[in-house]
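Written below as structure tokens is the structure these notes are about.
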Amino acid sequence: MNDLKLAGLKTTRSTIEVSGVTIGGKEIILMGGPCAVESSLQMNQSAETVKKAGGKILRGGVFKPRTSPYSFQGLGLEGLNYLVQAAKEHNLLCVTEVIDAHSLDLVVDKVDLIQIGARNMQNFELLKLAGKIKKPVILKRGMSATIEEWLLAAEYILAAGNPQVILCERGIRTFEPSTRNTLDLSAVGVAKELSHLPVIVDPSHAAGRRDIIASLSKAAIAAGADGLLIETHPNPDEAVSDGPQSLTPEQFIQLAEELGAVAGSVQRVFTFGGEGDTLEALRTQIDRVDQGIIELLADRMQIVRKVGDQKRLDRVKDPNRQNEIIQRLVNLAAELQLPPDLVKRLYPLIFEFGVQSQIKSKLAQDKDLEASLYTLGSK
Ligand code: PEP
Ligand code: MN
């Protein structure tokens, strides 16, 4: 792909900064909202959901490129005001789709990011116009576009002068009818191999059904996505478009609550609950971390007991192994800017309880053994 002069992989990956939000960094950026803006109330409720979940960007279509000319085409400027207002009131950024020069003109100064949808991925005139603006552009992959075509579409925007492009995988057309499209998660890895641009995933338009959105979202993070764009509606059954794939507020929040663990497992971060700067929000985060610490200690203890089963009673304590562990963790702590003394003081305690539990479980096993031998002998 020689023509990826600007979009092609470089020594460093690009991050895109929008008003304090970094896309393509360590943090997974959650974006959510309804398919189409319908009312001020609907947008306020959606913004509240996104905020509660820890999302950073509110979405909502006001110019809808619909497959049928008879489907709802969007509220236009009136809808844009609802989107912008709701985002502002909830301290969120906002994104909306543009479909032509006119809609781009109308929204560009009002939203934080613009979206070019799957149906317009190869609308080259629109791509060139998006290259002239100073706002980040989320470029969705066309439903029948190869990864190369998608990256070349990004190249159009970059070549026209806008370096802020975020690629969005949203499912492609395959022979499989059980989902609306097929989410191509390999495209995340391939796009990141070929390009320095951030890549996000929209599981909603891929699946077309809400029951698998949570698992696809987690898989997307595991596959290396830098963010998620997910449809949520205060009342999906009443949605004017894409209701079946929209999560309820509860589902959206529940999913967000589960994302942190997946992000952590691939050395990324997602903080459920957003802001993190009020005392209450910070305490909620601490409570969640504390619960995780205790759960991990319980897991550790269980493994320690299994290890005990493989040791002789007089060899339960293993000072060499303990020193090795402490040394490794002291180094890790220093790397993570934790005081090494914390490890030095904490771990002897953890070891002590581990050894005690091994001894206890061995003595109990010995007693059982003795009892069964005694029963055997007395038979
Ligand atoms: C959308 O995000 O509202 C949309 C129409 O998505 P896509 O372009 O991926 O179909
Ligand atoms: Mn939609």
Side-chain angles (χ1 to χ4, degrees), residues 29-38 42-43 46 50 55 57-69 71-76 79-80 82-83 94-100 103-104 107 111-123 126-127 130 136-145 147 149-150 153-154 157 165-174 179-185 187-188 191 199-210 213 216-217 220 225 227-248 252:
I29 303 300
L30 177 62
M31 318 177 190
C35 180
V37 174
E38 297 165 16
Q42 172 231 24
M43 287 317 293
S46 303
V50 173
I57 300 173
L58 182 66
R59 64 150 285 151
V62 297
F63 300 102
K64 297 300 299 173
R66 303 305 299 277
T67 304
S68 161
S71 300
F72 177 65
Q73 304 286 312
L75 286 185
L80 185 67
Y82 299 152
L83 168 72
C94 67
V95 60
T96 199
E97 178 170 357
V98 296
I99 52 175
D100 53 17
S103 54
L104 176 60
V107 312
V111 295
D112 303 286
L113 306 94
I114 66 148
Q115 177 179 314
I116 294 187
R119 289 158 193 81
N120 275 308
M121 189 207 83
Q122 282 189 319
N123 180 341
L126 183 58
L127 296 177
V137 178
I138 295 179
L139 178 64
K140 295 243 191 144
R141 179 180 180 187
M143 56 194 90
S144 303
I147 295 171
E149 288 163 342
W150 183 29
I157 303 174
V165 176
I166 300 148
L167 299 164
C168 179
E169 160 61 35
R170 48 75 74 201
I172 49 172
R173 274 218 171 130
T174 68
T179 49
R180 182 173 173 183
N181 291 284
T182 297
L183 184 61
D184 181 10
L185 280 184
V188 176
V199 182
I200 63 168
V201 166
D202 167 355
S204 305
H205 291 87
R209 41 189 273 192
R210 74 176 69 93
I213 301 295
L216 292 179
S217 301
L228 294 166
L229 178 63
I230 302 176
E231 285 183 343
T232 172
H233 190 286
N235 186 359
D237 290 342
E238 306 278 304
V240 297
S241 70
D242 288 349
Q245 71 198 31
S246 299
L247 297 184
T248 63
F252 189 84

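Indexing begins at 1, ligand by ligand and atom by atom, following the structure's order. Every value quoted in this text rests on a predicted model; they were computed, and no experiment measured them. Any value given below was found using the heavy atoms of this structure, including those in side chains, with hydrogens, waters and symmetry copies removed.
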With Gln245 as reference, evaluate Arg180, Arg210, Arg209 under the side chain to side chain contact (heavy atoms under 4.5 Å, CB included) test and give the passing residue.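 Only one of Arg180, Arg210, Arg209 forms a side chain to side chain contact (heavy atoms under 4.5 Å, CB included) with Gln245, namely Arg180.
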
Name of the residue among Leu167, Leu216, Leu183 meeting side chain to side chain contact (heavy atoms under 4.5 Å, CB included) with Val201: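 Between Val201 and the candidates, side chain to side chain contact (heavy atoms under 4.5 Å, CB included) is satisfied uniquely by Leu183.
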
Could you list the residues that satisfy side chain to side chain contact (heavy atoms under 4.5 Å, CB included) with Thr67, not counting sequence neighbours?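 For Thr67 the side chain to side chain contact (heavy atoms under 4.5 Å, CB included) partners, ignoring immediate neighbours, are Arg119.
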
Among protein heavy atoms, which lies nearest [atom], and at what distance?
{"atom": "atom 6 (O) of ligand 1", "value": "Lys140 NZ, 2.8 Å"}
{"atom": "atom 5 (C) of ligand 1", "value": "Glu97 OE1, 3.5 Å"}
{"atom": "atom 4 (C) of ligand 1", "value": "His205 NE2, 3.4 Å"}
{"atom": "atom 9 (O) of ligand 1", "value": "Arg170 NE, 2.6 Å"}

Going by heavy atoms in the side chains, are [X] and [Y] under 4.5 Å from each other?
{"X": "Ser246", "Y": "Ser204", "value": "no"}
{"X": "Leu139", "Y": "Leu127", "value": "yes"}
{"X": "Lys140", "Y": "Met121", "value": "no"}
{"X": "Thr96", "Y": "Ile114", "value": "no"}
{"X": "Met31", "Y": "Ile230", "value": "no"}

Which of the ligand 1 atoms, numbered from 1, are nearer than 4.0 Å to a heavy atom of Ala118: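 Under 4.0 Å from Ala118, ligand 1 has these atoms: 7 (P), 8 (O), 9 (O).
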
Give the atoms of ligand 1, by number and element, whose distance to some non-hydrogen atom of Gly117 is under 4.0 Å.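 Under 4.0 Å from Gly117, ligand 1 has these atoms: 8 (O).
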
Give a yes/no on ligand 1: does Met143 have at least one heavy atom closer than 4.0 angstrom to it?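 Judged by the 4.0 Å heavy-atom criterion, Met143 does not count as contacting ligand 1.
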
Run the contact test for Arg59 against ligand 1 with a 4.0 Å cut-off on heavy atoms, strictly below, and give the result.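 It does; at least one heavy atom falls under 4.0 Å.
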
Could you tell me whether some N/O pair between Asp202 and ligand 1 is separated by less than 3.5 angstrom?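 No; the residue has no nitrogen or oxygen that sits under 3.5 Å from a nitrogen or oxygen of the ligand.
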
Check this for me: does any side-chain nitrogen of one of Arg66 and Asp242 sit under 4.0 Å from a carboxylate oxygen of the other?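 The answer is no: the pair does not qualify as a salt bridge.
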
Intermediate values then yes/no, salt bridge (charged side-chain N to carboxylate O under 4.0 Å, His left out), Glu231 and Arg59: CA-CA 8 Å; Glu231 285 183 343; Arg59 64 150 285 151; 3.5 Å; yes

Close to the Mn ion (ligand 2), meaning under 2.8 Å, how many protein N, O or S atoms are there?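 Total protein N/O/S atoms under 2.8 Å from the Mn ion (ligand 2): 4.
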
